[in-house]
Amino acid sequence: MAERLRGRDCKLKRQSLSQLEVRHPAQRLALRNLLGVLAFHLDEYQAAEELFSGVCREEPGNLNAWANLGYVYDRTEREGLAADCVERLSRLMGLKKDGGGQGDAESLLPLRAARCLAEHALATSHDVGSQSEEEHAGKLRSAIQLYDKALLYGSNQIPSEEKRSWYFIMATMYIRLDGMLMNTRGPDQKRLLSFNRALALLQEVLKSDSAEYQALAWCYLGMMLERKDSFPSTPMAIHDCGYSGTDPLDCYGQAIETAKTDPFILNQLAKIFHFLGKQDMAIGICNMALNILPDPQTNWQAYSTRAKVYVKQYMQDLERVKRGQGGVPDRRLLTEAKADLDLILHAWPCLKTNLDMGQVCYYMGVDAVQELQPVDENALNSALVFFAKAMEYDPGDTLPEIQVLRGKCLQVKGEERNAAECFKQAIELDDVGSQYSESFHRLMESLLSLFVQGKSSEETIILEVEEWIEKAVTKYQLERVKQELRNICLNHMPKILQLSRAMIKAGKLQLVNLLLEIMSRDTPDPTKA
């Protein structure tokens, strides 16, 4: 299972990287090298060979491409070609003399080494093996160190625009590190290092000739200026870089102004604003991109992002209703999302589009208050069809989110046993240490319903509850599992008491003690009243 999940993560990473619009030549070659590495790890040696060979033809001095191509030849037992790659690599690295033009070759060694390190840095930051925030942060720090070494090796040989493209990637890494530290309430002094360096790098990126880098740098600068209030006092880098009193909205405005004629840059800005929770701005920018290029075949990303924003707005409104903090969500948001997805489903049918469409149909099919009652059976059936289509695309059958949504559809339709099987698959497919334990919560609810309805024997349900609590503990953090059980106990107390009595009869006292311990935490002590 672990190997299967790693393969899934490689495929998802490759899909996301393949969709990037990379315009700088050096970054484009680095990306193709990384895609080749992912293909190699997926045992797709022909695809890897084509990617590496293409880089070698376009940039004959690319060290990583020759080394990677040699690995492919070695793995496919073509020793002669592998030896040729080693020979070529030795000459490029100055390890072997071959006569004429040696002076020019040696003068390029620092630049080649720098580009080699920069490509390693990019690959390190995209390592699919990172399962926790700490591991991911460690990979980002390692990648930044490699970029710093590359800048040191290349010195004045690195072209200015290429150097700024490295600065941009480094800045995004520091921004992600700062975000992680901010979310975990890390030490302010440690955060300042990331924050200050990110700001200094963005200042350099703004000098780029590329409208893409300028627009994105302005956008990220606005994001960082919004974060300054999370520090006890204003970080000094804001004053050092000349941004004292700069309004983040001005930065966002400058980003949009810079990108206003380029739909592909606008699409990138829309995704960032969506991530930042600025949904109205994201929709406005998607509209700008679609006014310039309305064709769903070439500008499907704008339709896709706008649909995601509509669904996100609906889900946020739905959560507020569940907490008793708002009115019924506007279901027109779902209609708008479906219209956008209908357009790209024909132009760009893929796993993600079918998954997104299935999610929209699910919300159309359930009530807009608690997601408990079916309001449109046809919409629920359509959702299940779209999820089935999504699973036909590789690696759709290994995505836990599809299984969770399938289970939720079946749960609302009253097919509790089928729903439970979907939730079990989702748990199996979840990464170890995952923060998303909805599948476990939903499975426990389904098993409770089956128990109360008498659709399975008491013995079977008790064994299943015991088995999947134990399995959940191996998948999620123990405290996370206890929190989910606590919520289930609070929301389904009569069912839990009924199940507990059956467990006592069956001698499953350890399970009962666990549930009692969880419930006692939320029971007020009368002596303290």
Side-chain angles (χ1 to χ4, degrees), residues 125 133 136-137 140-141 143-144 147-148 163-262 264-286 288-289 305 309 312-313 316:
S125 69
E133 286 264 303
H136 187 47
L140 290 176
R141 293 189 188 98
I144 289 168
Y147 270 120
D148 281 331
K163 190 179 291 187
R164 286 169 186 147
S165 75
W166 296 358
Y167 288 157
F168 174 75
I169 297 173
M170 292 172 73
T172 62
M173 291 178 183
Y174 275 117
I175 290 169
R176 285 153 74 186
L177 281 172
D178 178 68
M180 291 177 187
L181 289 169
M182 184 169 63
N183 291 336
T184 57
R185 303 185 184 279
D188 289 333
Q189 195 58 40
K190 196 173 181 181
R191 269 197 69 199
L192 276 171
L193 295 174
S194 299
F195 186 95
N196 291 344
R197 186 86 192 276
L199 222 59
L201 289 166
L202 289 173
Q203 188 181 34
E204 290 298 317
V205 177
L206 287 172
K207 300 173 185 176
S208 171
D209 297 331
S210 163
E212 177 184 11
Y213 285 140
Q214 285 183 27
L216 295 175
W218 277 116
C219 186
Y220 284 128
L221 180 59
M223 183 197 308
M224 296 306 280
L225 292 178
E226 283 188 340
R227 291 182 183 179
K228 76 177 188 298
D229 293 332
S230 63
F231 291 95
S233 59
T234 302
M236 196 63 195
I238 291 177
H239 304 304
D240 292 340
C241 295
Y243 300 121
S244 309
T246 302
D247 192 322
L249 285 176
D250 292 337
C251 297
Y252 295 142
Q254 188 63 50
I256 296 168
E257 178 65 25
T258 305
K260 66 181 181 182
T261 60
D262 191 318
F264 298 106
I265 304 177
L266 288 169
N267 286 339
Q268 293 181 69
L269 292 179
K271 287 181 180 179
I272 295 172
F273 286 123
H274 173 45
F275 170 77
L276 293 175
K278 302 179 186 298
Q279 310 302 353
D280 290 338
M281 290 179 71
I283 287 177
I285 294 170
C286 287
M288 289 175 65
T305 301
V309 173
K312 184 68 175 179
Q313 289 178 321
Q316 289 174 337

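When a residue number appears, it is its place in the shown sequence, counting from 1.
- Atom CE of Met224 is separated from atom CG of Asp178 by 4.5 Å, given to the nearest 0.5 angstrom.
- No side-chain heavy atom of Gln279 sits less than 4.5 Å from a side-chain heavy atom of Ile283.
- Remark: side-chain polar atoms of Arg141 are not paired, donor with acceptor, to backbone N or O of His136 under 3.5 angstrom.
- Side chains of Pro235 and Ile238 form a contact here, defined as non-hydrogen atoms less than 4.5 Å apart.
- No hydrogens or angles considered: nothing links the side chains of Glu257 and Tyr252 as a donor-acceptor pair under 3.5 Å.
- A heavy-atom distance below 4.5 Å is not found between the side chains of Val309 and Asp280.
- Note that CH2 of Trp218 is 9.0 Å distant from CD of Gln214, once rounded to the nearest 0.5 Å.
- With contacts defined as side-chain heavy-atom distances shorter than 4.5 Å, the pair Leu269/Met281 does not qualify.
- Note: Ile175 CD1 to Met182 CE = 11.0 Å, rounded to the nearest 0.5 Å.
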- Query: Can you list the steps and then say if Tyr167 with Gln203 is a side-chain hydrogen bond (donor to acceptor under 3.5 Å, both in side chains)?
  - Reply: CA-CA 10 Å; Tyr167 288 157; Gln203 188 181 34; over 6 Å; no
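- For Ala255 against Ala215, the heavy-atom pair with the smallest separation is CB-O, 3.2 Å.
- Ring geometry for Phe195 versus Phe231: interplanar angle over 60°, hence perpendicular rather than tilted (30 to 60°).
- The side-chain heavy atoms of Asn267 and Thr305, taken from C-beta on, include no pair separated by under 4.5 Å.
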- Item | side-chain hydrogen bond (donor to acceptor under 3.5 Å, both in side chains) between Arg164 and Ser210, worked out | CA-CA 10 Å; Arg164 286 169 186 147; Ser210 163; over 6 Å; no
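- The shortest distance between side-chain heavy atoms of Ile265 and Lys260 does not fall below 4.5 Å.
- Remark: Phe273 CZ to Lys278 NZ distance equals 7.5 Å, nearest 0.5 Å.
- Annotation: the span from Glu133 atom CD to Arg176 atom CZ amounts to 10.5 Å, rounded to 0.5 Å.
- Under the 3.5 Å distance criterion, the side-chain polar atoms of Asn196 are matched with a main-chain donor or acceptor of Leu192.
- Side chains of Arg191 and Ser230: a donor-acceptor N/O pair is present below 3.5 angstrom, by distance only.
- Taking 4.0 Å as the cut-off between side-chain N and carboxylate O, Arg197 and Asp148 count as a salt-bridged pair.
- Atom NZ of Lys312 sits in a sparse spot, with 12 or fewer heavy atoms from other residues, nucleotides or ligands closer than 6.0 Å.
- Counting heavy atoms from C-beta outward, Ser194 and Leu181 have side chains that approach closer than 4.5 Å.
- Atom-to-atom distance recorded for Ser244:OG and Met236:CE is 8.0 Å, nearest 0.5 angstrom.
- In this structure, Met223 and Ile272 have side chains that are in contact, with non-hydrogen atoms separated by less than 4.5 Å.
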